[in-house]
**Q** 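Have a look at this one.
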Number of protein chains: 2
Amino acid sequence: MAVEPTADAGAATAELTAVLVAVTGDAPRVLTIQDGQALPSGPFESNHPTLQLGLRAWVERQTHHPLGYVEQLYTFADKDRGHAGARVISICYLGLTRETRASGARDPGWQSWYRYFPWEDWRDGPPALIARAIVPRLRAWARAAPGNATKRARGARIAIDFATGDTAWNEDLVLQRYELLYEAGLVPEARRRGAAAADSALPGTAMLHDHRRILATGMARLRAKIKYRPVVFELMPPAFTLLELQRAVEALAGRRLHKQNFRRLIDQQQLVEETGQMSAATGGRPAQLFRFRPTVLLERAVAGTKLPLSRPA
Amino acid sequence: MAVEPTADAGAATAELTAVLVAVTGDAPRVLTIQDGQALPSGPFESNHPTLQLGLRAWVERQTHHPLGYVEQLYTFADKDRGHAGARVISICYLGLTRETRASGARDPGWQSWYRYFPWEDWRDGPPALIARAIVPRLRAWARAAPGNATKRARGARIAIDFATGDTAWNEDLVLQRYELLYEAGLVPEARRRGAAAADSALPGTAMLHDHRRILATGMARLRAKIKYRPVVFELMPPAFTLLELQRAVEALAGRRLHKQNFRRLIDQQQLVEETGQMSAATGGRPAQLFRFRPTVLLERAVAGTKLPLSRPA
DNA sequence: CTTTAAAATACTCAATTTGAGTATAAAGGA
DNA sequence: TCCTTTATACTCAAATTGAGTATTTTAAAG
């Protein structure tokens, strides 16, 4: 077993793809190119010591944004990823960066990620399109399954992923939901492959190649992560109010939090400290401005930064 | 930004590396080659539709083991990974498989992972070598740091990773601990690079290339995962007693569990069902044999399969 | 100057979950 | 018959979690 790679057995081309996330106000943003149809990606240049540094340099050169937290997402090397012939290995990263408002001009590259996944935003309750468009079509697909076992299995997946049964909505299942819709032929990307022909389109913008799947992977990872690691920090400006922090988390998670409990947790964990300054109130009583405690940066590998995502509803 | 990859900008060679885990009795095993000095790896053959299928086929051909759960771990493409010249992209996977006892003959390829990380096994309390050998040397390294800020930062990392302060031992930090030892020059692998020269060796077998780091990554991932996903199942035989299940989890986590609470959780989550048969008792009162409920396989993407890893001590 | 809306802030409370026990039953071997 | 080993049944207190009420502070609208 195992072995020296022969000269060209594993020959391939490597490229980087990035899911760069920022939060502006209450919108979770992702950086796109080609009019919102693709994620930034490019060839992997081999003059960097590590992949991660290569990605950092590349992103910062392209976007002029400092990149806070970076994490590897997934590596795809599936056969028909568009390019025929030589296999392309695509190494995908998730990157978090501070609010983007460059200089007044809204950069069109930063899109709300709910543009691509409208069913993922439950901040104002269950999106109507789930009950109206998604579930009925998925049910039809389940009924059309070959055997009885398959029918049941599909039904169970629908119940779990879209909370139609007694289980509550689970915001982490972004990728599973996308894959379910893909298999059911409800997204246009599915048409290219062998899957069932795509029905009339569902709301939600498609992307080129498998970029929407990559975005789903990034969203799922980030949503899972904010529950036990203080990564939101990377998305916040140097000083912020607690409500702004809460709104940022809500934007990412796609659901509302209980304000009092959110604050209880935040100060139990001693993640922030007062700056002494107050915010230019945007309506009500002025709020204190906080900053992250410097030790958080070090401890970030550890503490259980659980966030009180509220339950069923 | 972004772009068509040019002809040879991202040229590279791809190889697969696998961390294959099994549990026999109370030993967590990992499949190795070259007399326990390396993880199985080989060139990535491009005639498979997806990476994962490629890995599966490759592993099953090499080891004649059916592969249960497979998950991508990490992709390395760092410059000086041994081979000079062309960059090698190494895509690493974690794979779980059933108990290995092929036919009586103990396969020497399956090694206890604590052979490589003796400080990670806390099942019989804190390993003596931590207090005796590791912490003193790490402290010396911290004292030798250039600035005061660096000294403090190193001290904090030691406290968190090796539970010297008031925080409890966190079994998930396998990778962080390895990297700390690496930076401190306490593992022989560090000698090759720029890091401080390795001291007289610490207990724990080293591996070739960066395979020990990859193993650490796999261990960390698996330890984190068993807490919220029912992946242990992939490691168990078709029928097993609850104690055997508990021992398997303990083997992976490297710590003891509270028996009664473990069982409470197991049946709250309805993960198993009785087979009706009893085990050939190994000493005491015979135990019932259980099997996993078939639905678990489907739901495995979901349920919070929390395991009661016991606290501080 | 009063009213109102938008927040911040301070508490309370019940239900669950968690960690850790004690007590008892069943089996086999010395 | 005693002893060891394991299974199994309960109990209990502490901590955590989810959800609520009540009160205060400010800016802006009327």
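Quick note on labels: first sequence line is chain A, next is B, and so on, each numbered from 1.
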**Q** How long is the line joining CD of B/Glu244 and P of D/dT6, in whole Å?
**A**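 About 11 Å, once rounded to whole Å.
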**Q** Using whole Å, report how far CG of B/Leu289 lies from P of D/dT6.
**A**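 Interatomic distance, CG of B/Leu289 to P of D/dT6: 15 Å.
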**Q** In whole Å, what is the span from the CZ atom of B/Phe262 to the P atom of C/dG21?
**A**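 Rounded to the whole Å, the gap is 19 Å.
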**Q** Under 4.0 angstrom, heavy atoms only, what part of the nucleic acid is A/Leu242 near: base, sugar-phosphate, or nothing?
**A**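 Touches nothing.
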**Q** Please give, in whole Å, the distance from D/dT8 C1' to B/Glu274 CD?
**A**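 Taking atom C1' of D/dT8 as the reference, CD of B/Glu274 is at 12 Å.
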**Q** Can you tell me the distance, in whole Å, between the NZ atom of B/Lys227 and the C1' atom of C/dT18?
**A**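 Spelled out: NZ on B/Lys227 to C1' on C/dT18 is 15 Å.
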**Q** Expressed as a whole number of angstroms, how long is the span from B/Gln269:CD to C/dT16:C1'?
**A**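 Computing the B/Gln269:CD to C/dT16:C1' distance gives 14 Å.
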**Q** Is it true that B/Tyr74 and B/Gln72 share a donor-acceptor pair across their side chains at a distance under 3.5 Å?
**A**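 No, B/Tyr74 and B/Gln72 have no side-chain donor paired with an acceptor closer than 3.5 Å.
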**Q** Which residue, A/Gln268 or A/Met278, contacts DNA chain D at a nucleotide closer to its 5' end, judged by nearest heavy atom?
**A**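 That would be A/Gln268.
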**Q** State which of C/dA20, D/dA7, C/dA7 makes the closest approach to the side chain of A/Lys259.
**A**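 So the side chain of A/Lys259 is nearest to C/dA7.
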**Q** Sequence neighbours excluded, which residues qualify as side chain to side chain contact (heavy atoms under 4.5 Å, CB included) partners of B/Ala216?
**A**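 Testing B/Ala216 for side chain to side chain contact (heavy atoms under 4.5 Å, CB included), a comparison that skips the adjacent residues, returns B/Phe117, B/Val174, B/Leu175, B/Tyr178.
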**Q** Is B/Arg256 close enough and on-axis enough to B/Trp169, meaning under 6.0 Å and within 45°, for cation-pi?
**A**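 Negative - B/Arg256 is either too far from the ring of B/Trp169 or too far off its axis.
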**Q** Nearest of C/dA6, D/dT8, C/dA27 to any side-chain atom of A/Arg285?
**A**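 The answer is C/dA6, which lies nearest to the side chain.
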**Q** Taking salt bridge (charged side-chain N to carboxylate O under 4.0 Å, His left out) as the test, write out the residues that go with B/Arg123, two or more places apart.
**A**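 Partners of B/Arg123 by the salt bridge (charged side-chain N to carboxylate O under 4.0 Å, His left out) criterion, ordered by chain and then number, come out as B/Asp121.
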**Q** I'd like a table of atom pairs between the protein and nucleotides 10-12 of chain C - only N or O on both sides, under 3.5 Å - with the distance next to each one.
**A**
| residue | atom | partner | partner atom | Å |
| --- | --- | --- | --- | --- |
| C/dA10 | N6 | A/Gln260 | NE2 | 3.3 |

**Q** Could you pull out all residues at least two apart from B/Pro203 that satisfy side chain to side chain contact (heavy atoms under 4.5 Å, CB included)?
**A**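 Applying side chain to side chain contact (heavy atoms under 4.5 Å, CB included) to B/Pro203 gives B/Pro118, B/Leu129.
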**Q** How close or far is atom C1' of C/dA8 from atom CG of A/Asp267, stated in whole angstroms?
**A**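 Nearest whole value for this atom pair: 13 Å.
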**Q** Atom CD of A/Gln288 and atom C1' of C/dA7: how far apart are they, to the nearest Å?
**A**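 Whole-Å distance recorded here is 13 Å.
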**Q** Taking only residues two or more places apart in sequence or in another chain, which ones pass salt bridge (charged side-chain N to carboxylate O under 4.0 Å, His left out) with B/Glu273?
**A**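 Testing B/Glu273 for salt bridge (charged side-chain N to carboxylate O under 4.0 Å, His left out), a comparison that skips the adjacent residues, returns B/Arg291.
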**Q** With sequence neighbours excluded, what pairs up with B/Arg154 under the salt bridge (charged side-chain N to carboxylate O under 4.0 Å, His left out) test?
**A**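 B/Arg154 satisfies salt bridge (charged side-chain N to carboxylate O under 4.0 Å, His left out) with no residue once adjacent residues are dropped.
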